[in-house]
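Because the structure is a prediction, the values reported are computed rather than measured.
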Amino acid sequence: MNRFAAFVFLTLSPAAFACGWSEPCRFIVADGSTILHLPAPSFVGLATDILRDQGCVHGLAFVKRPDKATMLQHSVDTDLQDLARAISNEPESLKAAETYRALRQRLQRELLNRDAIAEEQRYKRYDERTEPEALNTAPFEALPELVPAEFRLYFQGAVAYHAERYEEAVAAFEAVLALPEAERQHRSTWAAFMLGKTWERLDPQLAIPFYEQTRQFAEAGFEDALGLAAESRGWEGRAALKAGLNFHAFEAYLDVAETTCDTAIVMHSMELALGRVFDNEEELARLAADPLYRKFGTAFALSSSHTETAQAWLSAVEGLPLDSQVEGADHLACIAYRSGDFDAATRWLARAQADSPWTLWVQAKLALRDGRMEEAKTMLHQALAAFGNWGTTYIPGCDSTTSANMVNGDLALLYLRDENATEAFARFESASFGLEAAYVAQHYMTTDELARYIDAHEPSPQALPVDVAGWLQSTLPDILARRLAREGRWNEAAPRYTGQSLYTYDAEPLDKAAEAISEKLSEANNASLPAEQRAEAYMAAADTLEQYGRNLLGDSAAPDYAVKDGWLVPALPFVNTYPKSRTWSCQPYKRPAKRYRYFAAAWMWEASRMLPDNDARTASALYHGGKWLAPDDPKAADKFYKALVRRNPNFLIAQEADELRWFPSEFTDEAVYTSVRHDTLRKRDVAAVLLVVAPLLALLAGTYHWQQCRLRDRQHSI
């Protein structure tokens with residue numbers, strides 16, 4: 001256990017491949033505790049699984065409504081189609097229908113215009129927003145008498161509703177329902193539904209009976225072309241939630257979830273209702289007592305990150321007269337484990353199905369806490385096989401993924417512990433954890449291991465999923481190329497680059513830039529060439545690296561150093577057990593994303609050493625090399641500044657640097673006077689000689705004076 005607790009992981013970004021991020025993600029975090037935690041499953045995923053297993057379908061037919069952009073148009077079209085069937089073919093009746101059509105379409109335009117204005121207001125500052133003007137109802141009041149009463153009255157109610165004159169709307173909709181049944185076959189469900197929506201504005205509890213009435217009308221045979229009967233159950237849940245009838249709301253949303261094919265929104269509404277049920281002790285007990293409802297309560301408690309929620313649910317369930325083996329005990333064990341009650345987790349495991357994947361997962365976590373690593377690994381393998389592709393888990397800040405993938409991530413960490421970086425990488429990759437896989441590829445696998453893995457796993461659409469194959473084709477070769485480049489193996493790195501830019505778009509393909517650097521470095525390292533030619537090759541390589549360096553050398557997943565107290569310090573994963581030779585390291589730069597500038601600056605320094613003093617190329621190499629480092633590492637840049645001033649006194653750039661005591665903003669190769677002979681002593685050389693010779697002369701003078709004094713004393717004594 002102590003050995004495992006010593007593992008230290010580097011922080012990764014959840015958002016995108018980038019260098020410099022340090023936010024925690026799924027598995028690799030600063031304190032190494034991720035593997036001991038159980039992730040919070042998604043309530044939507046768990047609830048969907050419950051409904052799938054139940055196989056229950058509510059009796060209401062579900063009609064999928066249009067999206068928000070076309071809903072109003074669909075309503076208008078249906079209204080006009082119903083009117084065409086209800087009205088006679090007499091000329092006067094047809095003329096009245098045309099008038100109704102014009103007014104209906106005018107109301108549609110008014111509402112769309114108001115929506116556009118409201119959307120525009122959203123993007124203004126709060127103090128600049130204005131309230132929309134009230135809907136002018138005057139143009140819609142003159143409806144022909146030949147239009148059937150149910151259409152006229154309903155239209156009047158709709159106009160009043162959109163004008164926010166809710167009492168008038170209620171009166172108009174009630175007038176529709178007061179008509180004889182034969183005269184309201186088309187608008188009974190519409191009027192009842194709108195009464196529910198209107199009363200929801202006034203008194204939500206009074207809205208519930210009208211939503212129920214909507215379904216009753218549909219069952220009785222009244223027309224329901226918009227599918228309002230099915231939709232009314234969800235609106236009923238919303239009204240109940242507003243009225244504080246939380247359990248009623250939960251039951252309504254459950255009914256909708258059993259019939260709708262668009263469950264995500266309904267599930268989130270159900271989750272909201274359950275959150276309020278959990279705040280009521282009496283409703284919570286009622287939820288726990290029902291076998292079906294208890295499954296949803298367990299799902300909610302398991303998906304919650306609040307310890308109080310978990311403890312409240314465990315208390316409610318433990319008070320029930322349950323059998324020795326309890327359905328859902330594996331999830332209850334997860335809840336107990338996540339809340340930190342490991343004794344309760346063990347008790348629930350004893351009552352759970354032994355081969356349940358959740359049972360095996362919790363047992364593996366408990367084994368990890370006890371330091372039983374091999375036993376935990378075995379259980380994780382069993383849990384992985386039991387999960388298959390079933391279940392979803394949501395990690396805050398990251399994407400949704402299957403529970404099987406999460407178990408694979410745990411296994412990957414254990415394989416890292418066993419120094420099997422290749423297997424750890426393969427498991428992260430197969431689980432679609434690209435950031436973690438990239439991190440292992442960059443910091444655990446040796447460069448040669450990574451090269452062998454890539455060469456042995458050529459992406460094949462027939463053998464690999466499209467997303468995994470695409471990742472192998474793009475990101476992974478670039479990771480290897482950047483590692484080879486950082487090791488100075490530019491000739492091997494160049495053909496590995498895919499040409500994709502990591503940070504910014506570069507016009508020149510990266511493989512071509514790497515080839516150019518490789519050629520120049522080969523020329524620079526050729527001792528048979530003249531020194532000045534080699535220096536110019538170093539400078540050309542440095543210039544290319546400065547231009548393309550972030551893409552040629554930068555990491556594709558997190559910095560190489562963890563953030564501590566605002567400073568980047570070396571982070572050595574598995575410091576006590578993992579070979580240091582496995583981790584790629586460099587100096588702890590303050591901004592890892594610009595480490596390529598240290599390579600470029602080093603080449604500029606080598607170039608300056610091969611060039612003579614008072615040479616424009618020498619000044620350029622020292623200026624640019626130091627200028628690249630100055631913003632992030634002034635200490636490293638200081639030697640470039642001093643060498644620039646000392647070695648190039650005959651150039652304006654050196655004199656400006658001497659006056660500024662730092663690098664000027666722009667480089668100039670202007671010479672200020674004729675260069676001196678290189679074998680002539682410089683002022684600084686003379687000063688250095690004087691500093692050494694002056695003390696010797698003073699010592700000789702003192703010795704001579706002392707001897708003269710002794711000689712005079714002897715002569716006086718004689």
Side-chain angles (χ1 to χ4, degrees), residues 19-20 485-486 488 490 503-504 513 516-517 520-521 523-525 531-554 559-561 567-568 586-673 675 678 682-685 688:
C19 182
R486 289 195 293 263
W490 287 94
Y503 297 95
T504 57
I517 292 176
K520 291 301 179 181
L521 289 180
E523 184 179 350
N525 292 321
E532 293 189 0
Q533 182 179 344
R534 294 173 60 195
E536 291 175 354
Y538 266 129
M539 294 176 68
D543 286 334
T544 303
L545 185 60
E546 162 61 16
Q547 182 177 357
Y548 301 102
R550 294 189 71 183
N551 290 310
L552 290 171
L553 295 181
D560 302 314
Y561 291 84
W567 288 88
L568 292 164
C586 64
Q587 297 178 13
Y589 309 137
K590 193 173 181 181
R591 291 188 184 178
K594 295 182 180 179
R595 76 167 66 87
Y596 64 91
R597 289 184 170 176
Y598 285 81
F599 289 87
W603 296 341
M604 284 296 194
W605 182 261
E606 288 300 316
S608 71
R609 294 176 59 186
M610 297 178 179
L611 294 169
D613 292 351
N614 281 315
D615 189 293
R617 295 167 297 178
T618 306
S620 176
L622 293 171
Y623 173 85
H624 289 102
K627 188 73 171 178
W628 293 337
L629 298 178
D632 302 316
D633 195 346
K635 185 176 180 180
D638 186 63
K639 74 172 186 177
F640 286 83
Y641 150 71
K642 290 178 179 177
L644 172 65
V645 174
R646 184 181 69 251
R647 295 185 55 192
N648 302 278
N650 290 357
F651 282 87
L652 180 61
I653 189 67
Q655 294 186 7
E656 290 178 347
D658 197 20
E659 293 176 1
L660 293 172
R661 295 294 187 265
W662 202 235
F663 297 96
S665 59
E666 295 182 2
F667 176 77
T668 175
D669 59 358
E670 180 181 349
V672 290
Y673 55 85
S675 64
H678 293 305
R682 296 171 296 184
K683 293 181 180 179
R684 285 185 174 83
D685 297 331

Of all the heavy-atom pairs spanning Phe663 and Leu622, show the shortest one and how long it is. CE2-O, 3.9 Å
How long is the gap from CD on Glu546 to CZ on Phe599, to the nearest 0.5 Å? 14.0 Å
Got a second to check how far Leu545's CG is from Ile517's CD1, nearest 0.5 Å? 4.5 Å
Judged by atom type as modelled, is there a donor-acceptor pair below 3.5 Å linking the side chain of Arg609 to the main-chain atoms of Met604? no
Where Arg550 and Tyr596 come nearest, the two heavy atoms and their spacing: CG-CE2, 3.0 Å
Do Asp543 and Gln547 make a side-chain contact, defined as non-hydrogen atoms from C-beta onward lying under 4.5 Å apart? no
Would you say NZ of Lys520 has more than 12 non-hydrogen atoms from neighbouring residues, nucleotides or ligands within 6.0 angstrom? no
Spell out, as yes or no, whether a donor-acceptor pair under 3.5 Å connects the side chain of Asp638 to the backbone of Pro634. no
Checking Lys639 side chain against Gly626 main chain: does a donor-acceptor pair fall under 3.5 Å? no
Could you walk me through whether Ser608 and Arg617 satisfy the side chain to side chain contact (heavy atoms under 4.5 Å, CB included) test, starting with their C-alpha distance in whole Å, then the side-chain angles of each, then the deciding distance to 0.1 Å, before giving a yes or no? CA-CA 8 Å; Ser608 71; Arg617 295 167 297 178; over 6 Å; no
Which heavy-atom pair separates Ala657 from Val645 by the least distance, and what is that distance? CB-CG2, 3.9 Å
Looking only at the side chains, is there a donor atom on one of Tyr538 and Asn525 sitting less than 3.5 Å from an acceptor on the other? yes
Lys635 and Asp633 ion-paired at < 4.0 Å: no
Quick check: closest heavy atoms across Ala542 and Ala600, and the distance to 0.1 Å? CB-O, 3.4 Å
Tell me which one of Glu532, Glu536, Arg534 satisfies side chain to side chain contact (heavy atoms under 4.5 Å, CB included) with Leu611. Glu532
Please confirm whether the backbone N or O of Ala654 pairs with a side-chain atom of Asp658, one donor and one acceptor, at under 3.5 Å? no
Considering only heavy atoms from C-beta outward, does the side chain of Val672 approach that of Phe651 to under 4.5 Å? no
Could you walk me through whether Trp603 and Leu521 pass the side chain to side chain contact (heavy atoms under 4.5 Å, CB included) check? CA-CA 9 Å; Trp603 296 341; Leu521 289 180; 3.6 Å; yes
If you round to the nearest 0.5 Å, how far is CG of Asp615 from CG of Asp669? 10.5 Å
Under 3.5 Å, side chain of Thr618 to main-chain N/O of Asp613, donor-acceptor pair present? no
Just by modelled atom types, is the Pro649 backbone N or O under 3.5 Å from a matching donor or acceptor in the Gln655 side chain? yes
Given 3.5 Å as the limit, does a donor-acceptor pair link the side chain of Asn650 with the main chain of Ala671, or not? no
Could you tell me which non-hydrogen atom of Ala607 sits nearest to which non-hydrogen atom of Met539, and how far apart they are? CB-CG, 3.5 Å
Got Lys627 and Phe640 here, is their nearest side-chain heavy-atom distance under 4.5 Å? no
Side-chain touch Trp490/Leu552, heavy atoms, less than 4.5 angstrom: yes
I need the single residue from Tyr641, Trp628, Trp662, Phe667 that forms a ring pair (Phe, Tyr, Trp, His ring centres under 6.0 Å) with Tyr623. Which is it? Phe667
Can you tell me if Arg647 uses its side chain to pair, donor with acceptor, with the backbone of Asn614 under 3.5 Å? no
Minimum heavy-atom distance between Ala636 and Leu629, given as atom pair plus value: CB-CD1, 4.0 Å
